[in-house]
Amino acid sequence: MKYNDLEVNKNTRPTRKGRGISAGQGKTAGRGTKGQKSRTGHRKMPAGFMGGQRAIMQAVPKLKGFKSIHTKAEVVYIDRLNDLSGDIDNFKLYEASLIKSPYNKVKVITRGELTAKINLKTQFASKTAIEAIKKAGGKFEKVATPLRTTREDSRKGSK
């Protein structure tokens with residue numbers, strides 16, 4: 001039998017803190033002297049508590065209303081699509097300066113009339129816009145928002 005093969009069973013009880021000097025963890029019970037962390041209940045601080053100074057929730061100004069974290073869809077009117085033809089997606093709409101970014105959601109809504117035959121591939125379209133596209137001889141297909149490609153992805157694709 002080797003020394004490292006010996007199994008030693010721990011035969012100690014948990015220390016009883018704050019039970020007198022002779023108990024080993026008496027008087028301050030390992031908390032040190034004075035201060036916020038030496039007091040009872042110091043572990044149960046409310047959310048946003050910052051050591052006794054003004055809490056972060058009180059420091060942030062309170063504004064009326066609601067601000068959504070989701071970006072709103074960019075609106076394209078159906079009469080602006082008469083200048084385009086064929087398959088139309090976010091990138092074609094961006095090239096035609098109808099939207100600010102091809103990576104945003106796009107919603108096509110009705111205004112005016114559509115005469116061009118188009119195949120629209122965007123994220124959203126109103127019911128009346130879909131009817132107008134079908135009436136002009138085209139079709140609507142709902143697609144996901146295009147994802148941005150990083151520079152590393154574009155380098156990998158070119159090699």
Side-chain angles (χ1 to χ4, degrees), residues 4-5 7 9-10 14-15 17 28-159:
N4 62 337
D5 291 337
E7 288 185 22
N9 295 328
K10 190 175 178 185
T15 55
K17 297 187 174 177
T28 55
R31 290 174 183 248
T33 55
K34 296 185 186 174
Q36 187 174 356
K37 290 187 177 176
S38 70
R39 315 290 188 215
T40 56
H42 78 280
R43 286 174 176 39
K44 297 176 185 174
M45 293 295 152
F49 183 77
M50 292 172 25
Q53 66 187 14
R54 185 167 60 158
I56 190 119
M57 283 84 79
Q58 292 172 330
V60 173
K62 287 129 191 93
L63 300 173
K64 287 184 178 181
F66 170 79
K67 186 168 184 180
S68 176
I69 59 167
H70 303 289
T71 55
K72 287 189 173 180
E74 293 192 44
V75 174
V76 176
Y77 295 108
I78 211 155
D79 59 351
R80 304 286 304 275
L81 301 176
N82 284 325
D83 302 334
L84 305 171
S85 61
D87 290 341
I88 298 173
D89 59 353
N90 288 25
F91 294 99
K92 264 210 171 166
L93 293 170
Y94 176 70
E95 288 169 13
S97 300
L98 295 175
I99 57 174
K100 292 177 185 173
S101 170
Y103 303 108
N104 291 348
K105 297 174 190 170
V106 176
K107 181 168 186 175
V108 179
I109 59 175
T110 308
R111 183 185 75 183
E113 290 207 17
L114 180 69
T115 54
K117 182 182 177 183
I118 58 168
N119 294 327
L120 188 66
K121 295 178 182 179
T122 58
Q123 289 69 52
F124 308 104
S126 65
K127 287 181 181 177
T128 53
I130 294 170
E131 288 172 13
I133 291 167
K134 287 180 180 175
K135 187 178 176 184
K139 59 182 176 181
F140 170 74
E141 185 181 335
K142 187 174 182 175
V143 293
T145 309
L147 298 174
R148 290 182 194 270
T149 54
T150 60
R151 288 183 182 173
E152 293 174 14
D153 291 343
S154 60
R155 283 188 203 136
K156 288 176 185 174
S158 63
K159 287 184 181 178

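Just so you know, these numbers use all the heavy atoms, side chains as well, and skip hydrogens, waters and symmetry mates.
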message: Does anything in residues 122-137 form a side-chain hydrogen bond (donor to acceptor under 3.5 Å, both in side chains)? List the pairs, not counting sequence neighbours.
response: Asn90-Gln123, Thr110-Thr128, Ser126-Thr128

message: How about CD1 on Ile109, more than 12 heavy atoms from neighbouring residues, nucleotides or ligands closer than 6.0 Å, or not?
response: yes

message: Please report the interatomic distance CZ(Phe91) to OH(Tyr103), rounded to the nearest 0.5 Å.
response: 4.5 Å

statement: Value for CD1 (Ile133) from CG (Leu81), rounded to nearest 0.5 Å, stands at 7.0 Å

- line: Rounded to the nearest 0.5 angstrom, the CG-CZ distance for Leu114 and Arg111 is 13.0 Å

- line: When every non-hydrogen atom of Arg148 is compared with those of Ser101, the smallest separation belongs to NH2-OG, 3.9 Å

- prompt: Which atom names give the shortest non-hydrogen contact between Pro102 and Pro146, and what distance separates them?
  reply: O-CG, 3.4 Å

query: Asn82 side chain to Thr115 main-chain N or O, any donor-acceptor pair under 3.5 Å?
result: yes

Reported CG-to-CD1 distance for the pair Asp83 and Ile118, which is rounded to 0.5 angstrom: 11.0 Å

- request: Decide yes or no on side chain to side chain contact (heavy atoms under 4.5 Å, CB included) for Ser85 and Lys92, but give the supporting numbers first.
  value: CA-CA 10 Å; Ser85 61; Lys92 264 210 171 166; 5.8 Å; no

- prompt: Counting only N and O atoms by type, is there a donor-acceptor contact under 3.5 Å from the side chain of Thr15 to the main-chain atoms of Lys17?
  reply: no

- line: When every non-hydrogen atom of Ala55 is compared with those of Gly48, the smallest separation belongs to CB-O, 3.4 Å

message: Do Arg31 and His42 make a side-chain contact, defined as non-hydrogen atoms from C-beta onward lying under 4.5 Å apart?
response: yes

message: Determine whether a donor-acceptor pair (N or O, by modelled atom type, separation under 3.5 Å) exists between the side chain of Glu74 and the backbone of Lys100.
response: yes

- prompt: So, for Ser38 and Gly32, which heavy atoms are closest and what is the spacing to 0.1 Å?
  reply: CB-O, 4.5 Å

field: Lys121 with Asp89: basic N within carboxylate O range, under 4.0 Å
entry: no

query: Which heavy-atom pair separates Ile78 from Ala132 by the least distance, and what is that distance?
result: CD1-CB, 3.9 Å

query: Nearest 0.5 Å, what's the NZ-NZ distance between Lys139 and Lys117?
result: 9.0 Å

Separation between CD1 of Ile99 and CG of Leu93, rounded to the nearest 0.5 Å: 5.0 Å

Arg80 atom CZ, over 12 foreign heavy atoms within 6.0 Å: no

- prompt: If you count the non-hydrogen atoms of other residues, nucleotides and ligands that lie under 6.0 Å from NZ in Lys64, is the total more than 12?
  reply: no

query: So do Met45 and Met50 actually touch side chain to side chain, heavy atoms under 4.5 Å?
result: no

